Amino acid sequence: MYAEGGTYQVTPFVEPMRGPSAILEYWSHVTATQRDIQFGYEVLAVAREMGIARWWASFVIVPQGLQTKLDGIFVISLDAGGRCLSLREWWHKEQR
């Protein structure tokens, strides 16, 4: 899914992760703590070099049982083969 050297930035306040291995390691850890995941998105804009989408997700963080909702924006750029060169996201979280 990611191009060699592709980046993923969780928030604008952290350094982006670089390369498919680092990104996979991050997501393997994050998803191991989530259950009952629901996800949706809406494409907002597509240009030659990037796309923008709104997304939303809900899940339960285990073992604490925290009901979590996220609402955010993706800014994504792809290479000629359709692999991700960069994915930046901004999101807001509600938790109970």
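Just so we're clear, the structure is a prediction, and the values are computed from it rather than from any experiment.
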Taking the six-membered ring for Trp, are W55 and F74 parallel (under 30°), tilted (30 to 60°) or perpendicular (over 60°)?
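Because their plane-to-plane angle is under 30°, the rings of W55 and F74 count as parallel.
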
Please test E89 against L87 for side-chain contact (heavy atoms from CB on, under 4.5 Å), starting from the C-alpha separation and ending with a verdict.
CA-CA 7 Å; E89 61 179 292; L87 188 157; 4.3 Å; yes

Any side-chain heavy atom of [X] sitting closer than 4.5 Å to one from [Y]?
X	Y	result
P12	R88	no
V60	Q67	yes
W91	L70	yes

Between M50 and I76, does a side-chain contact (heavy atoms from CB on, under 4.5 Å) hold up when you go through it step by step?
CA-CA 5 Å; M50 78 169 72; I76 303 168; over 6 Å; no

Go through the side-chain N and O atoms of T68 and Q95 and say whether any donor and acceptor fall under 3.5 Å apart.
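Yes, because at least one side-chain N or O of T68 sits under 3.5 Å from a partner of the opposite role on Q95.
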
Is a donor from one side chain sitting under 3.5 angstrom from an acceptor on the other, for S86 and T7?
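No.
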
Can you establish whether the number of heavy atoms outside [X] located under 6.0 Å from its atom [atom1] is more than 12?
X	atom1	value
Q64	CD	yes
Y41	OH	no
F13	CZ	no

Report whether W56 and V10 are members of the same hydrophobic cluster (ILVMFWY, side-chain heavy atoms less than 4.5 Å apart, transitive linking).
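No, because W56 and V10 fall into different hydrophobic clusters, even though each may have its own neighbours under 4.5 Å.
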
Determine, for K93 against D71, whether the closest basic-nitrogen to carboxylate-oxygen distance falls under 4.0 angstrom.
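Looking at K93 and D71, the cut-off is not met.
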
Taking all non-hydrogen atoms of both residues into account, name the closest pair between R83 and A3 and its distance.
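In terms of heavy atoms, the two residues are closest at CB-N, 3.7 Å.
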
I'd like to know whether L44 forms a side-chain contact (heavy atoms from CB on, under 4.5 Å) with I73, so could you lay out the CA-CA distance, the side-chain angles of the two residues, the decisive distance to 0.1 Å, and finally the verdict.
CA-CA 9 Å; L44 300 177; I73 296 288; 4.0 Å; yes

Could you walk me through whether S58 and Q38 satisfy the side-chain contact (heavy atoms from CB on, under 4.5 Å) test, starting with their C-alpha distance in whole Å, then the side-chain angles of each, then the deciding distance to 0.1 Å, before giving a yes or no?
CA-CA 5 Å; S58 64; Q38 295 187 8; 3.6 Å; yes

